[in-house]
Each structure stands twice: as structure tokens, then as C-alpha cells.
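Step one of this worksheet: look at the structure below.
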Protein chains: 4
Amino acid sequence: MGGTMNGPKQQRRGNTRQRIQDVALELFAEQGYEKTSLREIAERLDVTKAALYYHFKTKEEIIVSLFEDLTKPMEELIEWGRQQPHTLDTKQEIVRRYSEALAGAEPLFRFMQENQATVRELRIGDTFKDRMRGLRDILIDPDAELVDQVRSVSAMFTMHAGMFVMQDLEGDPEKKRAAVLEVALDLITQAHERAHGKGCGKN
Amino acid sequence: MGGTMNGPKQQRRGNTRQRIQDVALELFAEQGYEKTSLREIAERLDVTKAALYYHFKTKEEIIVSLFEDLTKPMEELIEWGRQQPHTLDTKQEIVRRYSEALAGAEPLFRFMQENQATVRELRIGDTFKDRMRGLRDILIDPDAELVDQVRSVSAMFTMHAGMFVMQDLEGDPEKKRAAVLEVALDLITQAHERAHGKGCGKN
Amino acid sequence: MGGTMNGPKQQRRGNTRQRIQDVALELFAEQGYEKTSLREIAERLDVTKAALYYHFKTKEEIIVSLFEDLTKPMEELIEWGRQQPHTLDTKQEIVRRYSEALAGAEPLFRFMQENQATVRELRIGDTFKDRMRGLRDILIDPDAELVDQVRSVSAMFTMHAGMFVMQDLEGDPEKKRAAVLEVALDLITQAHERAHGKGCGKN
Amino acid sequence: MGGTMNGPKQQRRGNTRQRIQDVALELFAEQGYEKTSLREIAERLDVTKAALYYHFKTKEEIIVSLFEDLTKPMEELIEWGRQQPHTLDTKQEIVRRYSEALAGAEPLFRFMQENQATVRELRIGDTFKDRMRGLRDILIDPDAELVDQVRSVSAMFTMHAGMFVMQDLEGDPEKKRAAVLEVALDLITQAHERAHGKGCGKN
DNA sequence: AATGAATGAGTGTTCATTCAT
DNA sequence: TATGAATGAACACTCATTCAT
């Protein structure tokens with residue numbers, strides 16, 4: 001890109017930090033956080049371990065930086081949702097956008113889904129839990145019946161798990177995502193309507 | 001128990017294998033598999049690491065043995081389901097019993113839920129995946145619409161995740177489990193009925 | 001010792017811990033604490049680094065154990081002194097015995113003398129400081145003039161430093177130690193007598 | 001100071017070398033040489049590590065430069081002493097001035113006192129040892145009795161250690177220094193007089 | 001006069017595992 | 001049925017140093 005002569009080991013200008021993040025996320029998602037060593041990341045980038053430490057103070061900081069960079073949309077979405085009236089429309093809008101945001105950071109969320117024990121001990125654990133609580137508080141009516149609260153929560157991790165577990169269902173990915181979204185929306189809608197006195201007439 | 005003299009450090013001989021499993025499961029569930037060392041397990045039991053190796057050939061074998069011992073009910077359930085006609089009643093029965101089985105081995109399933117990345121690399125990974133596929137094949141009609149297939153799958157991990165994520169919802173655990181079960185049954189029922197042409201009349 | 005056949009790599013029965021301490025002290029005294037690596041110690045013993053960790057939990061614990069093992073005589077001496085009346089005789093006795101104890105743990109005290117900055121940050125730092133304070137409280141009369149207090153303190157580190165700095169003075173070591181002791185005794189005596197009203201008549 | 005515009009991060013240019021020395025000495029004295037990293041020094045100065053290398057070729061050169069800059073008075077003093085007749089007066093004068101010089105470079109000497117093991121391995125080690133030998137040759141009469149030689153040496157490190165160990169003695173610092181000096185002078189005087197036949201009657 | 005980016009060699013420490021007793 | 005002693009391989013991390021810009 002601009003340079004005429006591109007010998008081996010050249011061309012790395014200011015993008016090393018980014019490259020570290022990319023490779024790290026790939027490996028973390030593939031093998032888990034603890035089983036991925038800094039040596040492995042460094043080797044794949046053809047730099048030394050010490051180079052990683054120029055860009056990140058600790059191994060944990062790598063995953064934290066990924067989390068912070070990639071979940072900004074979620075954070076904003078939840079912030080936005082908090083200020084809306086908790087109508088059915090709002091909830092549906094939230095679910096729709098959340099599904100999109102999830103798809104946009106798939107590897108990170110696969111990682112978090114599959115390494116919950118690790119995540120819990122990391123600095124991101126609490127942040128994430130707070131986020132989930134925020135989302136829940138928007139989607140759930142606190143005076144709904146327990147079963148409808150469960151329905152809302154179920155909608156949430158239908159989306160989370162959906163991306164990964166569905167993998168071995170046949171069918172084109174875009175269609176699967178649409179189906180997952182539909183089920184989630186359905187759960188949310190059922191929960192909302194039962195809590196607000198509508199019958200079975202509509203759905 | 002039955003022994004006449006109970007000196008210090010005696011406390012029932014012969015059950016060490018069992019005690020190892022108990023402590024290991026507790027720690028695995030609490031901190032994750034990789035972050036739990038054999039040293040830790042041994043210390044908590046007040047034996048040496050080498051003693052663990054008398055009872056289990058490797059660390060992996062400890063978790064494998066737990067999996068095999070604790071998921072036998074599931075295995076039998078699925079075997080049973082495979083031989084039944086795939087009616088709605090059967091499916092509901094399966095879901096009900098699965099929920100019970102899950103509750104009976106809660107720590108193990110919490111562990112598996114929160115250490116999916118690890119489990120995948122272990123010997124139990126494939127076995128578990130097979131089981132899930134078996135369950136799915138019973139619950140899902142292969143020619144149902146995609147969205148109804150998703151509904152069935154969603155029922156499954158509503159149960160799985162339900163136990164843990166619901167933890168910070170208020171309310172008595174038994175009621176929560178009932179609510180989770182109801183939502184799962186509902187999803188299964190909807191999926192089945194849509195696939196078999198019934199309307200909204202029933203629920 | 002008893003064994004008939006002594007192949008290479010044999011004969012280490014239960015003395016490894018001791019051998020580690022010996023080699024470690026030798027190296028610590030020679031090169032300093034920080035500049036001595038566990039690799040070095042292990043290599044010299046022809047064991048692996050991990051073997052060191054079987055016997056000591058950390059590097060620091062090695063030096064701590066040495067300190068505790070080798071300074072027990074001092075501790076007892078000070079405890080004894082604390083319970084005696086603070087007469088000149090007692091003080092002289094203390095100084096004499098302290099000089100002996102010092103000579104009995106020479107390498108350790110050389111180490112502590114030459115690595116004060118390190119020692120201060122280690123767990124032994126405070127213990128040692130307390131000991132010195134204990135000794136001082138015995139040797140010094142709190143209402144003596146400042147200059148005589150200094151004399152007493154000077155006696156103390158005349159002994160401490162004496163062993164090492166005198167090294168490049170010619171003469172047989174035993175004679176040097178006697179000379180150092182004499183000076184220390186002299187300082188203590190002067191301090192005591194000036195504080196208790198005797199003239200120059202005696203010494 | 002002289003500059004018209006003092007933008008942020010400017011604060012007098014040209015004196016960086018000096019600022020490095022100041023911070024380095026402070027940290028070396030506080031934590032020891034090996035435990036003080038160039039990163040730490042650089043961070044405290046708000047420059048990069050590489051900047052240190054513009055001013056000093058190695059870490060060792062920093063401490064060497066400090067030693068050379070700060071011990072010039074000592075060097076000159078010893079040079080002067082060498083050319084004087086070794087009378088009592090000369091010796092006393094030397095001790096007095098040495099005490100002053102010591103006080104003028106306190107942090108450096110604290111550092112050297114507490115990091116003898118390190119200093120020994122550094123380039124300054126030999127230089128310092130030579131200096132000490134020079135001083136000793138002035139203060140000691142080679143044909144004095146051993147005990148009087150010890151007295152002279154004791155005077156020397158009474159001064160050296162005095163500054164630091166006395167710290168936790170109560171009393172105003174200036175008075176303490178005076179007391180230390182008095183004891184040192186006393187030791188020197190005793191040594192000299194005994195060697196030259198004057199005394200208070202006994203020897 | 002100083003920085004950004006990187007390296008190579010090392011550190012202390014932990015782990016699952018082995019084996020003679 | 002266990003222990004005491006050890007290992008080999010790895011790990012996260014730090015350091016002094018270099019060099020093109």
C-alpha cells in the first residue's frame with residue numbers, strides 16, 4: 001500500500017497493535033484464553049513475545065482491549081434503550097439491533113460464550129454482567145410473572161447461543177440468523193403481551 | 001463408620017476416589033478446569049498429588065469419570081426417547097425428564113456450560129456433542145420450518161443456561177426451575193404444533 | 001555413607017534441602033541476592049529449577065530459611081540479655097558472645113552486610129531491624145550523652161563490618177577477630193563508664 | 001529561567017542529563033541498583049527509555065557518572081592527605097573533612113553502603129576500594145599494634161555507617177553528626193597516641 | 001535531543017506427570 | 001494405598017539494549 005518494494009519482514013508500520021488483536025481474538029476463540037499462550041500469538045505474527053508487551057501491558061489487557069473495542073455498539077444500544085419508554089416497540093427494536101451487534105462481533109462473543117469461567121475472573125467479567133443486567137432491566141417488566149421473565153431472559157441467550165449452537169444445523173447462515181431473531185422477538189412479544197393483558201388474539 | 005478406632009487422618013478408607021471426584025468437581029465448577037491444579041485438589045483433600053495418580057491416570061480422566069458417572073441418566077433418557085414415536089407427548093416427557101436430570105447434576109453442567117472451549121478439546125467433547133445431537137433428533141422434526149427448529153433448540157439451552165443465568169433473578173429456586181421448564185415445554189409445543197398444522201386454539 | 005555402590009546422581013537422600021541452602025548461601029554471599037538466579041543454584045546442584053520449588057516455595061523463602069536457621073543463637077542471646085541487669089559485665093558478656101555468634105554465621109552476615117538494600121525489602125528486613133534494636137536497648141543507657149550512645153552503636157557495627165573490611169588487613173584471622181572484639185569492648189566500656197561517672201583512672 | 005516561553009513539557013532544556021542523574025540516584029538509594037529499572041527512571045522523568053541512552057551509554061554509566069561527579073572532593077582530600085606528614089593533626093583534619101564530604105553526598109554513600117555486593121561488581125568497585133586503601137594508609141601507622149589499626153578502620157566506618165544507622169536514634173541530625181565525628185576523632189586519636197607512646201598512664 | 005518499535009536473553013514460578021519406596 | 005522427590009516443558013513477564021527516524 002504505497003511502498004514499492006515490499007521485502008519480507010517489512011511493511012509493518014503502525015498496525016502491529018491491531019494485528020495482535022486480530023490474531024489473539026482468533027486464537028482465543030478457537031482454543032480458549034488459557035490454552036492460548038503469548039508465544040503462540042507472537043509466533044504467528046512473526047514477532048517476539050516482548051513485542052506484545054510493547055503494545056499491551058499484560059495478557060489480560062489484550063482481551064480487555066478487544067472487549068472494549070468490540071462491544072461499544074452494545075453499550076450504546078443499552079444506554080439508548082434505558083432512556084426509551086419500555087414499550088413493546090422499544091423492546092423489539094432493542095432485540096433486533098442487539099442481534100445485529102452480536103453478529104458484528106461474532107468471534108468475541110463466541111469466545112465469551114465458551115469461556116465464561118475465564119471471563120468471570122477477568123476484569124471484563126463484571127462489566128459484562130452489568131451490561132447484561134442493563135439489558136434485562138429493559139426487556140423485563142419487574143412485575144411480570146416469573147414465567148414471562150424467564151421468557152425474556154430466554155430470548156437473550158437464544159440470541160447469544162444461537163450463533164454458535166446452530167452452526168451444525170443445515171441452512172444458509174443469514175436465514176438462520178433471521179430465524180433465531182424471529183424466535184427471540186416472539187419470546188419477547190409473548191412475555192410483554194401476557195404481562196400487559198393482551199390475549200392470544202394477536203400472535 | 002463401623003470402624004472401631006477412628007484416629008486422626010483416618011476418616012473412612014476406600015472412598016478416596018469418590019472424595020477426589022467431589023472436590024475436583026467443586027473446584028472445576030468454581031474456577032474452571034485449567035485454573036484448577038492437581039496441587040489444589042490434593043491440598044484440599046490433605047493428600048499428595050501422587051495419590052491422585054493412584055486413582056486416576058491423568059487430570060483429564062478425573063473430569064471424564066465425572067462426566068460418565070453423572071450423565072448416565074441423560075444417556076438412558078435419550079436412548080429411551082430414540083425408541084419412542086416422536087409425538088408431542090414423548091417430546092414433552094423428554095423435556096420434563098431432561099430438566100430433572102440436569103438439576104440432579106447441576107455442578108457438572110454448570111462446569112460444562114462455562115468451560116465449553118475446554119470441554120470441546122477434551123475427550124468428553126465429542127460424546128457430549130453426540131448426545132446433544134441425539135436429543136435434537138428426537139425433539140426436532142426434520143421437515144419443520146427453520147424457525148420451528150430453532151424453537152426446539154432454544155428450548156434445550158433455555159434449560160441448560162436457565163439454571164445458571166437465572167441465579168440472579170429473585171425468587172425460590174424450585175419455582176424458577178418450574179418456570180424454566182414451562183417455557184421450554186411451551187417452545188417445544190409451539191414448534192411441534194406449527195409443524196403439524198394445529199392453530200393457536202390450544203394454548 | 002553406608003551405601004556400597006555410589007553411582008553418579010545417587011546418594012541424595014534427604015539432604016537436598018540442606019544442599020540447596022549451602023549452595024544458595026555461597027552464591028548469595030558471593031554475587032548478591034538478585035544477581036544469583038535459581039537456574040544457577042540448580043545447575044550447581046545438578047538438579048532442575050523445579051526441584052528447588054519442591055523444597056522452598058519461593059526464592060525469598062530460601063534466604064529466609066537461612067536467616068532463621070543461622071541467627072537463632074543471636075535471638076537467644078538477645079533474649080537472655082534482655083533479662084539481665086544492664087551492668088557493664090552483662091554488656092561485655094553480650095559483646096563477646098555476639099562476636100562469637102557472628103563468626104559462626106559469617107557468610108550469612110557478609111551477605112546481609114553487602115545486600116542491605118535487598119534485605120530491607122525482604123521479609124527478614126524487619127526481623128533483623130528488631131533484633132538490632134533489641135541489642136541496642138541492652139547496650140545503650142537511654143540517658144547517656146549522645147556521644148556515648150554513638151560509641152555503643154559504633155561497637156556494634158565495628159563487629160559487623162569488622163569481619164569483612166578487615167579481610168585485606170594482613171595478619172591471622174583469629175588475631176584480627178580478637179582485636180576487633182577488643183575495640184568493641186573498649187567502646188562499650190568507655191560508653192558505660194562515662195555514663196556512670198568513672199574517670200579515666202581505670203582504662 | 002532565561003527562556004521566554006515555557007510551554008508544557010518544556011521545563012528547561014539542556015539539563016536532562018542532570019535530571020536523569022538526580023532521579024536515578026534517588027531511586028538507586030531507595031530501592032537498590034538492580035531493582036531500579038531504566039523504565040522506572042524514564043517514567044518518572046516522563047521521557048522514553050531510549051532518551052536515557054542518548055545521555056548514557058549503559059545503565060552502569062549512570063551510576064559511574066554519579067560516583068565520579070560526587071566523590072571528587074574525597075579524591076582531592078585523599079590526594080592532599082597523602083602529601084602531608086602523617087601527624088595526629090593531619091589525621092584529625094582528614095577525618096573532619098571526610099565527614100563533611102560524606103554529608104555532602106549522602107544519598108550516594110547510602111547507596112554504596114547498602115549495595116556493596118553490587119558496587120563490587122561494577123566498574124566503580126575497584127576505584128572505591130583504592131580510595132579506601134588510600135585513606136587507610138594515611139590514618140594507619142603500619143607498625144602500630146593490630147588493635148590500634150582496627151581502631152583506625154573502625155573510625156572510618158563509624159563515619160560511613162553512622163549516617164544511616166543512627167537515623168533511628170532520637171536527636172537533631174546536626175548534633176548526631178557531631179557526635180559521630182567526635183567518636184571517630186577519638187578512635188583516631190587513641191590509635192595514634194598509643195602507637196606513639198603518649199597515653200593516660202596505662203600503655 | 002528524543003521517540004517508537006522491537007529484540008534476545010533472561011527471570012521466578014507453575015504444571016501435569018513419573019517412579020522408587 | 002499412598003508418599004517423597006524430582007523432572008521437563010511451559011508460562012507470563014521484565015530487562016537492558018538497539019536503531020531507524
Side-chain angles (χ1 to χ4, degrees), chain A residues 9-10 12-17 20 34-42 45-62, chain B residues 9 13-17 20 34-42 45-62, chain C residues 9-10 12-17 20 34-42 45-62, chain D residues 9 13-17 20 34-42 45-62:
Chain A
K9 236 160 208 223
Q10 225 67 10
R12 62 173 65 120
R13 234 191 324 244
N15 59 337
T16 304
R17 193 189 142 95
I20 293 172
E34 350 253 356
K35 297 204 57 162
T36 302
S37 71
L38 295 185
R39 179 184 50 71
E40 217 174 341
I41 298 175
L45 288 166
D46 203 35
V47 294
T48 59
K49 271 189 292 172
L52 305 186
Y53 279 91
Y54 177 78
H55 295 280
F56 299 94
K57 270 212 276 283
T58 62
K59 185 185 182 187
E60 182 167 354
E61 214 187 59
I62 299 182
Chain B
K9 230 150 210 233
R13 71 176 203 278
N15 63 343
T16 303
R17 192 189 143 93
I20 293 173
E34 347 255 357
K35 297 205 58 164
T36 302
S37 69
L38 296 186
R39 177 182 52 69
E40 216 174 343
I41 296 174
L45 287 166
D46 206 33
V47 296
T48 59
K49 271 185 293 173
L52 305 185
Y53 279 89
Y54 178 80
H55 295 281
F56 299 93
K57 269 212 281 282
T58 64
K59 185 185 181 187
E60 182 167 356
E61 214 185 63
I62 298 181
Chain C
K9 225 139 212 244
Q10 225 67 9
R12 62 173 64 121
R13 233 191 324 243
N15 60 337
T16 303
R17 193 189 143 94
I20 293 172
E34 350 253 355
K35 297 205 59 162
T36 302
S37 70
L38 296 185
R39 179 183 51 72
E40 216 174 342
I41 297 175
L45 287 167
D46 203 34
V47 295
T48 59
K49 271 188 293 170
L52 306 186
Y53 278 90
Y54 178 78
H55 295 280
F56 298 94
K57 271 211 277 283
T58 62
K59 186 185 181 187
E60 181 167 356
E61 215 186 57
I62 299 181
Chain D
K9 229 138 206 244
R13 69 177 203 279
N15 62 342
T16 304
R17 193 189 142 93
I20 293 172
E34 348 255 355
K35 296 204 60 162
T36 302
S37 68
L38 295 186
R39 178 180 54 66
E40 217 174 340
I41 297 174
L45 287 167
D46 206 33
V47 296
T48 59
K49 271 185 292 174
L52 306 185
Y53 279 89
Y54 178 81
H55 294 280
F56 299 93
K57 268 214 280 283
T58 65
K59 185 186 181 186
E60 183 167 354
E61 213 184 63
I62 299 180

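By convention in this document, chain letters (A, B, ...) are assigned in the order of the sequence lines, proteins followed by strands, and residues within each chain are numbered from 1.
Put simply, CD1 on B:Ile41 is 11 Å from P on E:dT17, counting in whole angstrom units. Atom P of nucleotide E:dT13 and atom NE2 of C:His55 are separated by 16 Å, given to the nearest angstrom. Between the CD1 atom of B:Ile20 and the C1' atom of F:dA2 there is a distance of 11 Å, rounded to whole Å. The separation between C:Glu61 atom CD and E:dT13 atom C1' is 13 Å, rounded to whole Å. Spacing between atom CG of B:Asn15 and atom C1' of F:dA2 amounts to 14 Å, rounded to whole angstrom units. Rounded to whole Å, the distance from CZ on C:Phe56 to P on E:dG12 is 15 Å. Residue D:Leu52 contributes atom CG, which lies 13 Å from atom P of F:dT18 at whole-angstrom precision.
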Which protein N or O atoms sit under 3.5 Å from an N or O of nucleotides 12-14 of chain F?
unit_1: F:dA12; atom_1: OP1; unit_2: A:Lys59; atom_2: NZ; d: 3.0
unit_1: F:dA12; atom_1: OP2; unit_2: A:Leu38; atom_2: N; d: 3.1
unit_1: F:dC13; atom_1: OP2; unit_2: A:Tyr53; atom_2: OH; d: 2.7
unit_1: F:dC13; atom_1: OP2; unit_2: A:Lys59; atom_2: N; d: 2.9
unit_1: F:dC13; atom_1: O5'; unit_2: A:Tyr53; atom_2: OH; d: 3.1
unit_1: F:dC13; atom_1: N4; unit_2: A:Lys49; atom_2: NZ; d: 2.8

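Contact check, A:Thr16 against E:dA5: no side-chain N or O comes under 4.0 Å of OP1 or OP2. Neither OP1 nor OP2 of F:dA2 sits under 4.0 Å from any side-chain N or O of B:Tyr54.
Side-chain contact check for C:Arg17 versus C:Tyr54: every heavy-atom pair is 4.5 Å or farther apart. Residues D:Ile20 and D:Val47 are not in side-chain contact: their nearest non-hydrogen atoms beyond the backbone lie 4.5 Å or more apart.
Of the candidates F:dA6, E:dA6, F:dT3, E:dA6 carries the atom nearest the A:Ala51 side chain, counting heavy atoms from C-beta on.
With hydrogens and angles disregarded, no donor-acceptor distance shorter than 3.5 Å links the side chain of C:Lys35 to the backbone of D:Glu34.
The structure places CG of D:Leu52 at 10.0 Å from OG1 of D:Thr16, a figure rounded to the nearest 0.5 Å. Rounded to the nearest 0.5 Å, atoms CG (A:Leu38) and CD1 (A:Ile62) are 5.5 Å apart. Interatomic distance, NZ of B:Lys49 versus CZ of B:Arg39, reported as 8.0 Å (0.5 Å rounding).
Taking a pair as Watson-Crick or G-U wobble with both distances under 3.5 Å, DNA chain F forms stems of 3 or more consecutive pairs at E:2-21 with F:2-21.
In this structure, the side-chain contact (heavy atoms from CB on, under 4.5 Å) partners of D:Lys57, at least two apart in sequence or on a different chain, are D:Glu61.
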